[in-house]
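Source: prediction; values computed, not measured. All chains are named by letter (A, B, ...) in the order of the sequence lines, taking the proteins before the strands, and each is independently numbered beginning at 1.
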Amino acid sequence: MIRVPSDRGDARDAAPILATAGIGLRFPHHGCVLEQRPDVAWFEVHPENYLGEGVAADILGAVCNHYPISLHATGLSLGSAEGVDAVHLAAIAALCERIEPGLVSDHLSWSAAAGVHAPDLLPLPYTDEALEVFARNVEQVQDALGRTILIENPSVYIGFAEATMSEGAFLARLVGLTGCGVLLDVNNVAVSAGNLGEAPARRLHGLLEALPADAIGEIHLAGHAVRELPGGGHIRIDDHGSRVSDGVWRLFETTVEHIGARPTLIEWDTGIPELAVLREEAAKAQLVLDRAIDPAWRQVVARAG
Amino acid sequence: MPALADLQRDVMRAILSGDAMSTDWLSAPGALPASAALQAHRDTALGGLTNSLRLTFPSIERLVGEVFFDQIVLAYVAIAPPRSADLCAYGRDFPSFLSNHAPAAALAYLADVARLDWAIARALGGPSEARRRDLSIDLDTVLSVPTALTVSRFDHPAAAIRAALDAGDDAALGNIDLEPRPRFVAVWRSVRLAVTRELAAPAGVFLTALLDGRGGDDALAAALAVAPPGAALAAIRSDIFEASFAQITISSRTTP
């Protein structure tokens, strides 16, 4: 398992996140979570929504008294050639200090250029230059947070003709250079494969073969949309707006068979349903994790099969 | 392929402004057309910014409708893209943009309503009323108010419009007196809600002066400049000294 927290002098009393299925905490569920304290193993939040000292930060402070928290950043823009926004990084570091998350992560992407920020995860060409930039930025963030972080493979809509390495090779070299971990988003594997004309299983195997298993510290699951293009063909959009597809569940099972159980998140960001729906999805993920963890359960399944 | 910094600048321009860019280096075997990929990113980025501004300025969308709101946001993003990943802080100059946005010129009150939306959003993002700051009125008298308290002056009935919109009360909205005249609104945060309170003009200028760090004498002079003494003092007493957000403390100094 990835060294999270790491030997960088980590959050001292961070509630650990075990190899269980967690749920993304979103604003419509704040009241329900605070009042009913549902049985959820852990919650993930986007730190950009909880910075400062407003109502949202107060709510997160209350939630983290009862649940382990994973901070999943979307705005550090680790792939930006112009570097990391020091003000934003300081705000994230202050939040980490306050809530002591069990995991911290962001994406293999960029969002800022020429002093402008776009709320999207934009694709990086997998080149030596991009690797150098990314590694430098990851080091800066890890130094500021005093811990290692996980880097998530993104959903991509396009490849780069002059890329010199695969996504898996890029991530593996990044892990070697910085000591960071990897957040394997299985839905993103399916989305990227669909958009790049690859077989999802093959893309997943490419990542699993390239990455040291113990570098993978978390898994993400989500739904995605498939839209028709005006000129024909389809595009897969990583909208986190539906249940996990059957294909992604199969990729998840393959992943867990290869690397074992990991903290696994159900993400849902658009058209957010009742918390019960997310808990159903989490329970489904938990069954897969349990099979990997519990040898007795594996025997039961084997006998039943 | 250009250097990474140049590539990122070009992509950012293409996504936020819709500018054309060379996409030769974007193509890859089996991949989507570059235009479709860039459009997907443009849709995501603009959708995120629109949602962010919708959350910060809910009254504006209710007043102008979703389609016009989206058009306004598109125009705003083109000239004032976000400079930070903290989108809660995005939109500070959206009200002034609205006041100069020709297609919305017929709605003279729109910029004031946006300023009130912004004040409320900032209050919700600030500390609760438990966090206090002391405003010195004179050597013996201190007014304690919430740290996040702001007072805004509007020419249009922004608070009445927002209240009617929040209540979904179309009748009340239709009956609002839109005549321009000075209106003052205090905004602060209770535990989980932003609280707004309209202040009479003398109370508004008095409290504004105190928040600006001017002393009690200056603040009183400002209040007396907008109302006769009796009315000014009555407004200060009822709207500030007796208001729930303020606590006044008078200390007795020992004379030698």
Based on non-hydrogen pairs under 4.5 Å, which of A:Ala130, A:Ala56, A:Pro125 is most in contact with chain B? A:Pro125
Honestly, the part of B:Arg122 sitting under 4.5 Å from a heavy atom of chain A is neither
Check against side chain to side chain contact (heavy atoms under 4.5 Å, CB included), B:Leu55 and A:Phe27: CA-CA 12 Å; B:Leu55 289 170; A:Phe27 282 39; over 6 Å; no
Choice from A:Ala163, A:Gly52, A:Gly75, A:Gly115 maximising heavy atom contacts with chain B below 4.5 Å: A:Gly115
Among B:Ala40, B:Gly126, B:Ala5, which residue has the highest count of heavy-atom pairs closer than 4.5 Å to chain A? B:Gly126
Counting only non-hydrogen atoms closer than 4.5 Å, does A:Leu229 touch chain B with its backbone (N, CA, C, O), its side chain (CB onward), both, or neither? side chain
Please look at A:Val87 and chain B and tell me whether the side chain, the backbone, both or neither of the residue comes under 4.5 angstrom of a heavy atom of that chain. neither
So which of A:Ile237, A:Leu122, A:Asp238 has the largest heavy-atom pair count under 4.5 angstrom toward chain B? A:Leu122
Heavy-atom cut-off 4.5 Å, strictly under: side chain, backbone, both or neither for A:Thr74 against chain B? neither
Counting only non-hydrogen atoms closer than 4.5 Å, can you tell me which residues of residues 79-99 of chain B sit against chain A? B:Pro81, B:Pro82, B:Arg83, B:Ser84, B:Ala85, B:Asp86, B:Leu87, B:Cys88
Relative to chain A, which segment of B:Ile15 carries a heavy atom at a distance below 4.5 Å: side chain, backbone, both, or neither? side chain
With rounding to the nearest 0.5 angstrom, report the CG to CG distance, B:Leu124 to A:Asp58. 11.0 Å
Largest heavy-atom contact set with chain B, pairs under 4.5 Å, which of A:Ala113, A:Ala57, A:Pro123: A:Ala113
Taking everything shown except A:Arg98 itself, do over 12 heavy atoms lie less than 6.0 Å from its CZ? yes
What are the two closest heavy atoms between B:Ala37 and A:Tyr157, and how far apart are they? CB-O, 3.6 Å
Counting heavy-atom pairs under 4.5 angstrom with chain B, the leader among A:Arg227, A:Glu48, A:Glu129, A:His88 is A:Glu129
Atom CE in B:Met12, atom NE2 in A:His117: separation rounded to 0.5 Å? 7.5 Å
Residue, of A:Leu51, A:Val116, A:Ile59, that accumulates the most heavy atom pairs under 4.5 Å with chain B: A:Val116
Is it the backbone or the side chain of A:Leu121 that comes under 4.5 Å from a heavy atom of chain B, or both, or neither? backbone
Does the B:Gln8 side chain pair with the main chain of A:Ala81, one donor and one acceptor, at a distance under 3.5 Å? yes
If you count heavy-atom pairs under 4.5 Å between each of B:Gly125, B:Gly48, B:Ala123 and chain A, which one has the most? B:Gly125
On a heavy-atom basis, the closest approach of A:Ala118 and B:Leu16 is CB-CD2, 4.3 Å
Output the residues of residues 184-194 of chain B for which the shortest heavy-atom distance to chain A is under 4.5 Å, in residue-number order; output 'none' if no such residue exists. B:Arg189, B:Val191, B:Arg192
Looking at every heavy atom in both A:Gly79 and B:Leu4, which two are closest together, and how far apart are they? O-CD2, 3.9 Å
